[in-house]
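Data block below; observations after.
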Amino acid sequence: MTALDWIAADWGTSRLRLWALGREGEVLAQAQSPAGMGALAPAGFEPALLSLAGDWLPPSGAVPVVACGMVGARQGWIDAGYRAVPCPPLAPPLTRAPTSDPRLSVWIVPGLSQLKPSADVMRGEETQIAGVLAARPGWDGVVCLPGTHSKWAEVSAGEVVSFRSFMTGELFALLSAQSVLRHGIAAQDADPGAEFDAAVAETLSRPQALAARLFSLRAEALLKGLDPATARERLSGWLIGAELAAARPWWLGREVVIVGDALAGAYARALAAQGVQAARMRSDSVTLAGLAMARALLRKDGT
């Protein structure tokens, strides 16, 4: 791949995604694998990278690889540390990972951290926030990043001012697949509808009743034969509604951008019912834009 200039890597807990990029930012190739941080020991990261990108590399010369996500966690390739907010989502220095193949020069984006008003960390989302700002220069507002651990980040004057994490996605996975509720929950997601809307409204109005509502799914399945797809829709709505109730100071009267794909639609629908018309941006596009900004930082340093 003679036109290859650098490689972008989104390396999370469960998945590795790569893009081969030319000098002008054009995508030459892309690949992905399930070789996420959770499946690798530190010595396994370089082989996992080479298994996907080895054919892209030239016979000589080091190609910069810019990576974000859990690859930079303590349990990852190398601990890339955290930068304390308020701060820009990306700033030098990036952390260099140890490699044995001379064709690789791997750099990892640090995460963000805060101690007050509550201790919190993010790793990978800072790159997506940078991608949002690349598309919206000078924008002030709130970025919502749904996922296993959803993030709400306040952005102003090009900096992440503060943020908050919610374990909504992980709670949904545990409750639907490992709790007593699993016996009556459908295995597959469906587009949210009226049951989702009603469930969001219920926990937005009375979030303190969530624990009691949850067991009603089991009881209604036993006594009334509650449809498993309906139960899944309610569970999703209740948990997202509880998150929105806790995150109300972040979205009430604010401009909101939601980053994501399928799950982002559920959040946008829930916010729209509260009068918030959130903009949506795809996770792949903002991640790649953020990694391109990190690559630009390396170029300034001559890398």
| message | I'd like to know if Leu239 and Phe215 are part of one continuous hydrophobic network [Ile/Leu/Val/Met/Phe/Trp/Tyr, side-chain heavy atoms within less than 4.5 Å]. | response | yes
| Where the side chain of Arg295 meets the backbone of Val65, is there a donor-acceptor pair that is under 3.5 Å apart? | no
| request: Give a yes or no on whether Leu226 and Val180 share a hydrophobic cluster (residues Ile, Leu, Val, Met, Phe, Trp, Tyr; joining criterion: side-chain heavy atoms under 4.5 Å apart). | output: yes
| Under a single-linkage rule joining Ile, Leu, Val, Met, Phe, Trp and Tyr whose side-chain heavy atoms are separated by less than 4.5 Å, which residues share a cluster with Leu145? | Val85, Leu112, Met122, Ile129, Val132, Leu133, Trp139, Val143, Val155, Val160, Phe163, Val257, Val259, Met281, Val286
| field | Members besides Tyr82 in its Ile/Leu/Val/Met/Phe/Trp/Tyr cluster (side-chain heavy atoms under 4.5 Å) | value | Val121
| field | Any donor-acceptor N or O pair under 3.5 Å, side chains Gln128, Thr287 | value | yes
| query | Just by modelled atom types, is the Glu233 backbone N or O under 3.5 Å from a matching donor or acceptor in the Ser236 side chain? | reply | no
| task | Would you check, one step at a time, whether the test side chain to side chain contact (heavy atoms under 4.5 Å, CB included) holds for Ile108 with Trp11? | result | CA-CA 10 Å; Ile108 301 176; Trp11 209 327; over 6 Å; no
| request: Before giving the answer on side chain to side chain contact (heavy atoms under 4.5 Å, CB included), spell out for Val106 and Val66 the whole-Å C-alpha distance, their side-chain angles and the decisive distance to 0.1 Å. | output: CA-CA 6 Å; Val106 178; Val66 184; over 6 Å; no
| field | Min side-chain heavy-atom separation Leu28-Trp19 under 4.5 Å | value | no
| request: Before accepting this row, confirm whether a basic side-chain N of the pair Arg280/Asp261 lies closer than 4.0 Å to the acidic partner's carboxylate O. | output: no
| query | So, does Gln30 use its side chain to make a donor-acceptor pair with the main chain of Ala20 at under 3.5 Å? | reply | no
| query | Taking only residues two or more places apart in sequence, or in another chain, which ones meet Arg254 in a side chain to side chain donor-acceptor pair (under 3.5 Å)? | reply | Glu154
| said: Does atom CZ (Arg299) have a neighbourhood of more than 12 heavy atoms from anything else shown, all under 6.0 Å? | reply: yes
| Heavy-atom closest contact (Asp140 atom, Ala157 atom, distance) | OD1-N, 3.0 Å
| query | Which other residues end up in the same hydrophobic cluster as Trp250, if Ile, Leu, Val, Met, Phe, Trp and Tyr are linked when side-chain heavy atoms come under 4.5 Å apart? | reply | Val142, Trp152, Phe166, Phe196, Val200, Leu204, Ile240, Leu244, Trp251, Leu252, Val256, Ile258, Leu263, Tyr267, Leu271, Val276
| message | Tell me every residue that passes side chain to side chain contact (heavy atoms under 4.5 Å, CB included) with Ala73, counting only those two or more places apart in sequence or in another chain. | response | Met70, Gln75, Arg123
| If you take all heavy atoms of Arg96 and Ser105, which pair is closest and at what distance? | NH2-OG, 3.3 Å
| field | Side-chain heavy-atom pair Thr95, Trp107 within 4.5 angstrom cut-off | value | no
| task | Say whether, by atom type as modelled, one donor and one acceptor occur between the side chain of Asp5 and the main chain of Glu24 under 3.5 angstrom. | result | no
| What pair of heavy atoms forms the shortest contact from Gln114 to Ser162, and how long is it? | OE1-CA, 3.5 Å
| task | Sequence neighbours left out, what passes salt bridge (Lys or Arg N to Asp or Glu O under 4.0 Å) with Arg103? Give chain and number order. | result | Asp101
| field | Residue list, side chain to side chain donor-acceptor pair (under 3.5 Å) with Thr127, at least two apart or on another chain | value | none
| field | Side-chain heavy-atom pair Thr148, Thr13 within 4.5 angstrom cut-off | value | no
| message | Is it the case that the side chain of Glu126 and the backbone of Ala130 share a donor-acceptor pair, with hydrogens and angles ignored and the cut-off at 3.5 Å? | response | no
| task | For residues Pro228 and Ile185, determine if any side-chain heavy atom of one lies less than 4.5 Å from a side-chain heavy atom of the other. | result | no
| said: Using modelled atom types and a 3.5 Å cut-off, is there a donor and acceptor pairing between side-chain atoms of Ser150 and backbone atoms of Pro146? | reply: no
| request: Using a 4.5 Å cut-off on heavy atoms from C-beta on, say whether the side chain of Leu21 contacts that of Ile7. | output: no
| field | Qualifying residues under salt bridge (Lys or Arg N to Asp or Glu O under 4.0 Å), relative to Arg248, sequence neighbours excluded | value | none
| request: Answer yes or no: does atom CG of Leu223 have more than 12 heavy-atom neighbours from other residues, nucleotides or ligands under 6.0 Å? | output: yes
| remark: With sequence neighbours left out, the residues meeting side chain to side chain contact (heavy atoms under 4.5 Å, CB included) with Ala272 are Gln277
| task | Give, for atom CG of Leu171 and atom NE2 of His149, the distance between the pair rounded to the nearest 0.5 Å. | result | 8.0 Å
| message | Quick one, Trp77 and Leu49 - any side-chain contact, counting heavy atoms below 4.5 Å? | response | yes
| Nearest heavy-atom pair of Pro249 and Ala246: which atoms, and what distance? | CD-O, 3.7 Å
| field | Heavy atoms of other groups near Glu26 CD, more than 12 under 6.0 Å | value | yes
| Gly184 and Ala231: which non-hydrogen atoms are nearest, and at how many Å? | O-CB, 3.3 Å
| request: Any pair with a residue in residues 176-195 that passes salt bridge (charged side-chain N to carboxylate O under 4.0 Å, His left out), sequence neighbours left out, goes on the list, sorted by first then second residue, please. | output: Asp189-Arg232, Glu195-Arg234
| task | Working to the nearest 0.5 Å, report the span between SG of Cys68 and CG of Leu291. | result | 4.5 Å
| said: Walk me through whether Val27 and Leu288 qualify under side chain to side chain contact (heavy atoms under 4.5 Å, CB included). | reply: CA-CA 10 Å; Val27 176; Leu288 194 50; 3.9 Å; yes
| query | Quick one: SG on Cys144 to CD on Glu125, what's the gap to the nearest 0.5 Å? | reply | 11.0 Å
| Rounded to the nearest 0.5 Å, how far does NZ of Lys300 lie from CG of Leu298? | 11.0 Å
| request: Could you walk me through whether Phe45 and Thr99 pass the side chain to side chain contact (heavy atoms under 4.5 Å, CB included) test, one step at a time? | output: CA-CA 9 Å; Phe45 283 85; Thr99 57; over 6 Å; no
| said: In the structure I gave you, are the side-chain heavy atoms of Leu297 and Met293 within less than 4.5 Å of one another anywhere? | reply: no
| request: Please examine the side chains of Ser33 and Arg15, heavy atoms only from C-beta on, and report whether any two atoms are closer than 4.5 Å. | output: no
| message | Looking at every non-hydrogen atom in both residues, tell me the closest pair between Asp79 and Gly81 and how far apart they are. | response | OD1-N, 2.8 Å
| Under the salt bridge (charged side-chain N to carboxylate O under 4.0 Å, His left out) rule, what pairs show up with a residue in residues 263-275, not counting sequence neighbours? | Asp197-Arg269
| field | Qualifying side chain to side chain donor-acceptor pair (under 3.5 Å) pairs with a residue from residues 199-213, counting only residues at least two apart or across chains | value | Glu202-Trp238
| field | Interatomic distance, Ser216 atom OG to Lys224 atom NZ [nearest 0.5 angstrom] | value | 10.0 Å
| said: Under 3.5 Å, is there a donor on one side chain and an acceptor on the other for Ser113 and Asp120? | reply: no
